[in-house]
Amino acid sequence: MAKKSSASEKNLVIVESPAKAKTIEKFLGKDFLVKSSYGHIRDLAKKDYGVDVANNYKPHYVVSDDKKEVVKELKKLAKDAETVWLASDEDREGEAIAWHLYEELGLTPENTKRIVFHEITKPAILKAVENPRDININLVNAQQARRVLDRLVGFELSPVLWKKVKPSLSAGRVQSVTVRLIVEREREIFAFKPESSYRVTAVFTITNDDGKITEIKAELPKRFKSPEETTSFLESCKGANFSVSDVSKKPLKKSPAAPFTTSTLQQEASRKLGFSVGQTMSVAQKLYEGGKITYMRTDSVNLSDTALKMASEQITSNMGEAYLKIRKYHTKSKGAQEAHEAIRPTDLSKPGVSGSQQEQKLYDLIWKRTIASQMSDAQLEKTTVQIKADGVKEHFVANGEVIKFDGFLKVYLQSSENEGDNDEEEDAGLLPPMKVGDKLSYNVIEARERWSQKPPRYSEASLVKKLEDLGIGRPSTYAPTISTIQNRGYVVKEEREGIKRNYRYIALKDDALVSQEKTEISGAERNKLFPTDIGMVVNDFLMKYFPNIFSYDFTAKVEMEFDEISMGKVVWNESIDEFYQSFHQQVEETLENSERNTGERQLGNDPKTGKPVLVKIGRYGPMAQMGESSDDEEVEKPKFASLQKGQHLETITLEQALRLFDLPRDLGLFEDKKVVVGIGRFGPYVRHDGKFVSLKKGIDDPLEIELDRAIELIKEKRKADKEKHIKSFEEDPEIQVLNGRFGPYISYQKKNYKIPKDTDPKALTLEDCQKLIKEGGKKTGKKAPAKKTAAKKTSAKKTSTKATKKTAAKKATKK
DNA sequence: CAGTGAGCGAGCTTCCGCTTGACTT
């Protein structure tokens with residue numbers, strides 16, 4: 001702590017990230033102390049929007065709770081320093097961070113220098129230090145406009161939803177458009193009518209001069225609409241003499257993809273490693289902190305000269321000159337700000353890295369992609385062979401591909417863009433040498449009924465790609481945005497089982513036709529994003545009253561406005577005023593004129609009672625209602641039932657809804673007590689003797705389940721409960737040793753305590769337990785606020801800010 | 001927290017974009 005020499009106090013450099021600070025300190029030497037601001041240090045106050053609308057939109061900034069310590073320390077260091085170097089990123093947000101630091105630390109023009117660099121390399125840093133400039137206030141103002149706009153939109157629209165749909169909901173420039181994409185895709189899929197056609201493939205054999213027989217797969221470019229058409233084609237192939245009618249060859253070139261940005265890394269890690277976008281980011285963070293890769297939140301595809309030199313050394317020494325091709329990539333994405341390099345290994349001479357499995361895999365991916373990006377094109381040759389026969393109207397085509405020079409393919413195989421839906425594009429492999437006139441005979445000709453593909457649902461990664469294409473969101477927000485829309489209950493990430501579907505198979509073998517009905521599973525989904533009912537209702541509401549804000553090009557439009565501000569052509573608060581005047585009016589009108597939106601849908605009437613049946617969003621989520629509520633006490637109260645998982649307001653039928661009212665259902669008696677099945681807050685359950693047992697997800701249907709199975713479940717539960725209980729003590733029945741999800745633990749007065757790894761839980765004595773409770777109690781006592789966050793996962797954010805507030809308050813009183 | 005869904009209403013929720021920790025019953 002007291003290590004500070006007088007020399008290090010001369011220059012204070014402030015960057016955004018602590019890992020970056022460490023690296024830069026090495027480059028700058030003893031005269032420079034490098035510290036981090038940990039991102040933004042201030043933000044708009046929460047109260048009254050943090051924006052004085054009546055006073056030219058004057059922002060009211062406060063130091064964030066979790067940055068108070070940081071600011072305190074920086075303030076002190078800045079006071080002692082001769083020169084403070086503000087070295088945050090050279091983009092809108094970075095410039096604003098520099099400005100906030102300037103304001104909050106009480107710096108002066110005399111003692112402050114603003115420097116920027118796009119890459120963390122020694123020459124770049126030294127060059128930056130030689131070329132300081134002033135804070136660019138136009139760029140800062142563009143950021144203030146961005147910040148204020150987002151606040152006004154978010155904090156005016158969310159309360160409209162609280163009043164008109166449901167409390168605690170949220171709306172925003174980015175998240176609501178993200179939900180819109182998913183909702184609209186779901187409706188496209190719902191409206192999609194698959195059309196079937198017949199795809200014909202054939203296996204031919206060819207005998208060469210040496211008598212060697214080779215198989216060739218070929219396909220008919222034409223697809224038939226009906227089984228009749230297909231059959232008559234296959235009939236025409238009976239006994240036909242097939243021969244090669246044309247052979248054409250053409251060269252084909254494949255080029256490597258650009259080095260990784262945040263978005264492309266998330267997509268590739270999802271496709272190749274199965275990582276979620278959040279997972280990718282946290283693994284990348286680890287690698288970054290360990291100095292293994294460059295910064296992982298970037299929209300730039302640029303590599304520094306240092307990196308290019310390393311790559312070229314690697315490629316030439318390991319693979320040879322022929323494999324090297326230095327390339328400069330240019331970003332195509334809208335609104336890219338390119339404050340950093342692309343994501344690459346810091347040291348390209350290291351093809352591997354120590355660390356967790358995940359870190360190794362992700363690093364390997366990054367290393368290969370970086371190296372491949374500087375390698376030569378792959379040269380291929382594509383051969384197309386036409387196969388015809390007299391009397392057969394259509395011709396077959398066989399494709400072959402030969403790699404003449406592998407180039408970048410030596411290290412990196414790119415995955416395809418489409419999400420691998422079950423359209424089995426056959427890999428073009430090798431073809432034997434063939435020439436026009438060669439005779440072929442068919443082994444089998446098969447026609448298989450195929451269905452046109454519905455539009456694919458978004459995965460996390462494909463959604464990020466879409467957002468990037470639309471210029472919505474930033475590298476630092478892709479992963480959090482996807483979490484937000486799930487936390488708000490607008491979207492769920494799920495697996496869905498496919499449904500069985502019949503298809504026709506017609507084949508010609510040995511001049512005989514076979515026709516069969518076969519079944520396949522179609523439409524199965526894994527880890528895809530589905531809108532919830534509430535997501536759909538909120539989306540429809542927002543689109544009805546605020547179509548301008550949630551149009552796909554709104555962000556692009558305001559970005560253009562921000563650009564004007566950053567060039568000094570437009571005054572930021574005038575620009576905001578122009579937007580806000582009409583926006584605020586829109587909000588007022590909506591509050592006054594719009595109906596409460598519950599997504600209500602009338603399904604029809606109950607055939608037994610004639611009562612109307614409807615579905616809507618209730619206090620506890622989507623529900624069905626039979627009958628109407630009325631003030632008249634004579635009229636029977638309406639019945640309610642929650643929709644089941646997989647049922648939706650928009651698609652549920654009257655029949656399905658009616659069945660929901662069959663619950664709770666009496667199954668019969670077991671051990672002289674009633675067995676009842678129903679659906680509760682936590683899903684379908686069986687109740688017996690005052691105890692609840694959950695039904696097995698995906699196996700048991702509460703509407704179908706019978707007594708035998710219910711008894712089975714009850715017995716299973718009893719067994720689990722028995723195993724749960726390891727030990728208790730007569731002297732103090734409150735102390736129990738139990739078996740939980742994370743292994744054995746001690747339960748005492750509704751709190752849980754850890755058992756040391758090397759102790760046998762069965763051997764614990766009462767004294768042992770009391771000791772462990774005492775020890776555990778000490779620890780948790782100190783960290784009481786932190787424990788709260790763990791208890792409430794869904795409201796982690798809320799409680800954590802509360803917790804920090806508390807600790808901050810504690811510290812204040814402590815002194 | 002497991003048979004919910006009335007109605008009143010205090011006090012709360014909420015945005016986007018920079019950053020990294022703290023958690024494991």
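Order of the sequence lines sets the chain letters (A, B, ...), proteins ahead of strands, with each chain counted from 1.
- For A:Gln337 and A:Asp89, the side-chain atoms include no donor-acceptor pair closer than 3.5 Å.
- Look at A:Ser17 and you'll find a side-chain N or O under 4.0 angstrom from OP1 or OP2 of B:dT20.
- Taking the side chain as every heavy atom from C-beta outward, A:Arg665 and A:Leu667 approach each other to under 4.5 Å.
- OP1 or OP2 of B:dC18 has at least one side-chain nitrogen or oxygen of A:Arg474 nearer than 4.0 Å.
- With sequence neighbours excluded, no residue satisfies side chain to side chain contact (heavy atoms under 4.5 Å, CB included) with A:Ser168.
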*asked:* Dot-bracket for DNA chain B, please. Rules: Watson-Crick or G-U, both distances under 3.5 Å, ( ) within the strand, [ ] when a pair crosses earlier ones, | for another strand, . otherwise.
replied: .........................
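- Rounded to whole Å, the distance from CD on A:Glu559 to P on B:dC16 is 14 Å.
- Listed nucleotides: B:dT19, B:dT4, B:dG17. Nearest to the side chain of A:Pro18: B:dT19.
- Nucleotides B:dT13 and B:dG9 place their C1' atoms 16 Å apart, quoted to the nearest Å.
- A side-chain hydrogen bond (donor to acceptor under 3.5 Å, both in side chains) with A:His100 is found for one member of A:Glu95, A:Gln143, A:Lys67, A:Arg42 and no other, namely A:Arg42.
- Distance CD/A:Gln602 to CG/A:Leu614: 5.0 Å, rounded to 0.5 Å.
- As judged by a 4.0 angstrom heavy-atom cut-off over every strand, A:Arg173 is placed among residues touching the sugar-phosphate backbone only.
- Closest to the side chain of A:Pro167, from the set B:dT19, B:dC18, B:dT13, is B:dT13.
- With B:dG5, B:dA2, B:dT19 as the choices, the nucleotide that has an atom nearest any side-chain atom of A:Phe692 turns out to be B:dA2.
- Put simply, A:Phe155 rests on the base of B:dT14: the two rings are less than 5.5 Å apart at their centres and nearly parallel, under 30°.
- Look at A:Asp43 and A:Arg147 and you find a salt bridge, because one of the NZ, NE, NH1 or NH2 atoms lies within 4.0 Å of a carboxylate O, short of that distance.
- We find the CG-OG distance between A:Leu467 and A:Ser333 to be 12.0 Å, quoted to the nearest 0.5 Å.
- Interface residues of residues 158-166 of chain A facing DNA chain B, ordered by number: A:Ser158, A:Pro159, A:Trp162; criterion, heavy-atom separation under 4.0 Å.
- Salt-bridge annotation for A:Lys292 and A:Glu359: absent, with no side-chain N of the basic residue lying under 4.0 Å from a carboxylate O of the acidic one.
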